[in-house]
Undergrad: 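What follows is a single structure, and I will ask about it in a moment.
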Amino acid sequence: MAVKAVRGFKDILPGQSENWRAVEDVARDVFESFGLREIRTPVLEKTDVFVRGIGEHTDIVEKEMYTFPDRNGDSLTLRPEATAGVIRAAIEHKLYAESGTLKLFTMGPMFRHERPQKGRLRQFHQINVELLGTDSPLSDGEVIWMAWDVLHELGAQDLRLEVNSLGCPACRKEHRKDLNLYLEQVSPDLCPDCQRRSRTNPLRIFDCKNQRCREVMARAPLIKHHLCPGCSDHFGKVLDVLESVEIPFVINPYLVRGLDYYVRTTFEILASGLGAQNTVAAGGRYDGLVRSLGGPDIPGVGMAIGMERLLLLLDSPSSRMTTDIFVAALGREARDEVMPWIRDWRRMGFVVQMSYEEKSLKAQMKEANRLGAGYVLIVGEDELDREELILRDMKTKEQIAIPMDDVISRVENILNRGDE
RNA sequence: GUGGGCGUAGCUCAACGGUUAGAGCGUCGGGUUGUGGCCCCGGAGGCUGUGGGUUCGAUUCCCACCGCUCACCCCA
């Protein structure tokens, strides 16, 4: 039995990897235009980073983490999300001391032991943004703005931005009290899942898909009625940012997040055509997180884009190999002659390929065609004798003679012309 | 963790329980000297996911396991 990849772990093959890089490039450009800098943190952290960061009683921590003992007994975990690790690094290196607001982005693989399905893998990739050290609503707005811009720039269609405010711990506490009271009354009418949720994560009941639960929860006390003046004002200003840069949104008062650290602003960008896992980007504010990881009490806001989901909805075609010039050398002598030219063109940045086998010209032409060559340089005995080579334009089928003593720069010029 | 669907060539898929398991695409070779794509001809490539059972005979029917996939749950 041949070896296979681990369940839920996927290879990114040639043809697709080019699309990955294109997406990453767009994201980098967008983030840098907002003044962010890239950080890369390890995929492995002490388990405690996530337990303290994400919250002990979240599904992620309770049943989805790849956790195992290190050889010395430390409990280690493959990161299930990026924020906790980035903040750990920021604290460890005191990055927040450098400038006013620490503006970071990162991208890479995350790991969660869930049952794979469309848009959900055990190793998946995220593009993350974290802004640390400010509680200005402008920063909330910019985080959403960045997510929107990346998706927009890539041409993603049919997006819906949903926003909500969860309030600060104070208003949450009030709301929670009211909600619990209400839930006690209606508990018998809820589905078994929601009865469990009413003890573990009551906010989740709001987005239960069960029809009866929805009806019951339609009359439940909402967070927005419990926002303190500070939170209410903050939320309003976030929405102002979105309006002023013309990002369409809807307020979803039921929107909650699965990680404990979120406060105030939360948002999700949903896309059609992703199946059941239709959130392509999401994020929010996490003011208490830095402190709970042992750092100073500084606020933060961030977001994550799901790479695989994004690529799914871009429906990027598999890219083909292209070659600037294929050098068809016939015979040993020609091969030796041609090598330094190939070296020089490659150093200039052109894609130059040749056949590794001694093959007929016909076979080499076929190979050149398969490799998507724009030009083929034919070098055989006749050409060496005449000191004049043949350059074939594969598109127009035109062939021109190139004097051998000037071949490097002549071909360079022609290839550069083709670039434009 | 729970349910549904599906496992046949590198890929997409055929084959009533019955000869040697096929097709398209891809790949390799050929269609006379040193010129690609299109066309024509030919070749290679399969323990039909694995193991059992029913049957004279199983790719086909049944069971188990494994894998993939979609959904629940949860989330990016």
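Chain identifiers are assigned alphabetically (A, B, ...) following the order of the sequence lines, protein sequences preceding nucleic acid strands; residue numbering begins at 1 within each chain.
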Undergrad: Measuring only the P atom in each nucleotide, how far is A23(B) from A44(B)? A whole number of Å is fine.
TA: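 One P to the other, the span is 12 Å.
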Undergrad: Whole-Å distance between G34(B) P and Q399(A) CD?
TA: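 These atoms are roughly 15 Å apart.
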Undergrad: Taking the minimum atom-to-atom distance to the side chain of R309(A), which one of C72(B), C75(B), U35(B) wins?
TA: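 Nearest listed nucleotide: C75(B).
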Undergrad: Figure out the CD/C1' separation between E367(A) and U35(B), and round it to whole Å.
TA: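 Computing the E367(A):CD to U35(B):C1' distance gives 14 Å.
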Undergrad: Is there a donor in the side chain of T265(A) and an acceptor in the side chain of S165(A), or the other way round, less than 3.5 Å apart?
TA: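 No, no side-chain donor-acceptor pair sits under 3.5 Å.
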Undergrad: Would you mind reading off the distance between H113(A) atom NE2 and C73(B) atom P, rounded to a whole angstrom?
TA: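 Going from H113(A) (NE2) to C73(B) (P), I get 19 Å.
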Undergrad: Whole angstrom is fine here: how far is it from CD1 in I378(A) over to P in G36(B)?
TA: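 In whole Å, G36(B) P lies 10 Å from I378(A) CD1.
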Undergrad: For the backbone of Y254(A) and the side chain of N252(A), can you confirm whether one donor and one acceptor N or O come within less than 3.5 Å of each other?
TA: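 The answer is yes, because a donor-acceptor pair under 3.5 Å joins these two groups.
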Undergrad: Searching all strands shown, indicate the nucleotide that pairs with G34(B) (Watson-Crick or G-U wobble; both distances under 3.5 Å).
TA: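 Across any shown strand, G34(B) pairs with none.
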Undergrad: Searching all strands shown, indicate the nucleotide that pairs with A21(B) (Watson-Crick or G-U wobble; both distances under 3.5 Å).
TA: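 Check on A21(B): unpaired, no WC or wobble geometry under 3.5 Å.
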Undergrad: Please report the distance separating the P of G5(B) from the corresponding atom of G43(B), rounded so that it comes out in whole Å.
TA: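 It comes out at 41 Å once rounded to the nearest Å.
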Undergrad: Taking the side chain of Q277(A) as its heavy atoms from C-beta onward, which of G37(B), C70(B), C75(B) lies nearest to it?
TA: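 Taking heavy atoms from C-beta onward, the closest nucleotide is C75(B).
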Undergrad: Can you identify which nucleotide, out of U2(B), G37(B), G34(B), has its nearest atom closest to the R115(A) side chain?
TA: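 For the R115(A) side chain, the nearest candidate turns out to be U2(B).
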Undergrad: Do the rings of F9(A) and Y66(A) sit parallel, tilted or perpendicular, given the 30° and 60° boundaries?
TA: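 Perpendicular, since the angle between the ring planes exceeds 60°.
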Undergrad: Would the base of G67(B) count as contacting R7(A) through its side chain, where contact means a donor and an acceptor less than 3.5 Å apart?
TA: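 Answer no: no donor N or O sits under 3.5 Å from an acceptor.
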Undergrad: Whether the side chain of Q364(A) and the base of G34(B) hold a donor-acceptor pair under 3.5 Å is what I'd like checked.
TA: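 Looking at the base of G34(B), it does not pair with any donor or acceptor on the side chain of Q364(A) (distance under 3.5 Å).
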Undergrad: Cut-off 3.5 Å, side chains only: do S139(A) and R285(A) have a donor facing an acceptor?
TA: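 Yes, a side-chain donor-acceptor pair sits under 3.5 Å.
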Undergrad: Counting side-chain heavy atoms from C-beta on, which of C74(B), G34(B), A76(B) comes nearest to D59(A)?
TA: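 The answer is C74(B).
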Undergrad: Do D135(A) and H234(A) have side-chain atoms, one donor and one acceptor, less than 3.5 Å apart?
TA: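 No, because no side-chain N or O of D135(A) sits under 3.5 Å from a partner of the opposite role on H234(A).
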Undergrad: Ignoring hydrogens and angles, does a donor from either the side chain of R120(A) or the base of C73(B) sit under 3.5 Å from an acceptor on the other?
TA: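 It does, because a donor-acceptor pair links the side chain of R120(A) to the base of C73(B) below 3.5 Å.
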Undergrad: Phosphate oxygens OP1/OP2 of G36(B): is one of them under 4.0 Å from a side-chain N or O of K362(A)?
TA: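 Yes.
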Undergrad: CG of L274(A) versus P of C75(B): gap in Å, rounded?
TA: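 Interatomic distance, CG of L274(A) to P of C75(B): 17 Å.
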Undergrad: Taking the side chain of T279(A) as its heavy atoms from C-beta onward, which of G3(B), G36(B), C75(B) lies nearest to it?
TA: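 Nearest nucleotide to the side chain: C75(B).
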Undergrad: Any strand is fair game: report the nucleotide pairing with U55(B) by Watson-Crick or G-U wobble, both distances under 3.5 Å, or none.
TA: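 With both distances under 3.5 Å required, U55(B) matches none.
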Undergrad: Return no unless some side-chain N or O of Q117(A) is found under 4.0 Å from OP1 or OP2 of C72(B).
TA: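 Yes.
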Undergrad: On the nucleotide C74(B), are OP1 or OP2 found under 4.0 Å from the side-chain N or O atoms that R112(A) carries?
TA: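 Checking R112(A) against C74(B): no side-chain N or O falls below 4.0 Å of OP1 or OP2.
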Undergrad: Take atom CD1 of I390(A) and atom P of G34(B), then tell me their distance rounded to the nearest Å.
TA: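 Roughly 13 Å, once rounded to whole Å.
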Undergrad: With both distances under 3.5 angstrom, what nucleotide forms a Watson-Crick or G-U wobble pair with A64(B)?
TA: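 Pair assignment: A64(B) / U50(B).
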Undergrad: Measure from CZ on R320(A) to P on G36(B) and round the result to the nearest Å.
TA: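 These atoms are roughly 20 Å apart.
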Undergrad: Nearest whole Å is fine: how far is C74(B) P from K63(A) NZ?
TA: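 Whole-Å distance recorded here is 7 Å.
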Undergrad: Strictly by Watson-Crick or wobble contacts shorter than 3.5 Å, is anything paired with G3(B), and which nucleotide is it?
TA: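 Partner of G3(B): C70(B).
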Undergrad: Are any of R370(A)'s side-chain N or O atoms less than 4.0 Å away from OP1 or OP2 of C28(B)?
TA: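 Looking at the OP1 and OP2 atoms of C28(B), one of them is under 4.0 Å from a side-chain N or O of R370(A).
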Undergrad: Could you tell me whether the side chains of E130(A) and T83(A) share a donor-acceptor contact shorter than 3.5 Å?
TA: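 Yes, T83(A) and E130(A) have a side-chain donor paired with an acceptor closer than 3.5 Å.
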Undergrad: When the C1' atoms of C61(B) and G18(B) are considered, how many whole Å apart are they?
TA: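 Roughly 15 Å separates the two C1' atoms.
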Undergrad: Evaluate whether atom CD of Q157(A) has more than 12 neighbouring non-hydrogen atoms of other residues, nucleotides or ligands under 6.0 angstrom away.
TA: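 Count not over threshold, so no.
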Undergrad: From C-beta outward on K4(A), which listed nucleotide comes closest to its side chain: G36(B), C72(B), G67(B)?
TA: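 Among the listed nucleotides, the one closest to the side chain of K4(A) is G67(B).
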Undergrad: Is the phosphate of C38(B), meaning OP1 or OP2, less than 4.0 Å from a side-chain N or O of K397(A)?
TA: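 Looking at the OP1 and OP2 atoms of C38(B), neither is under 4.0 Å from any side-chain N or O of K397(A).
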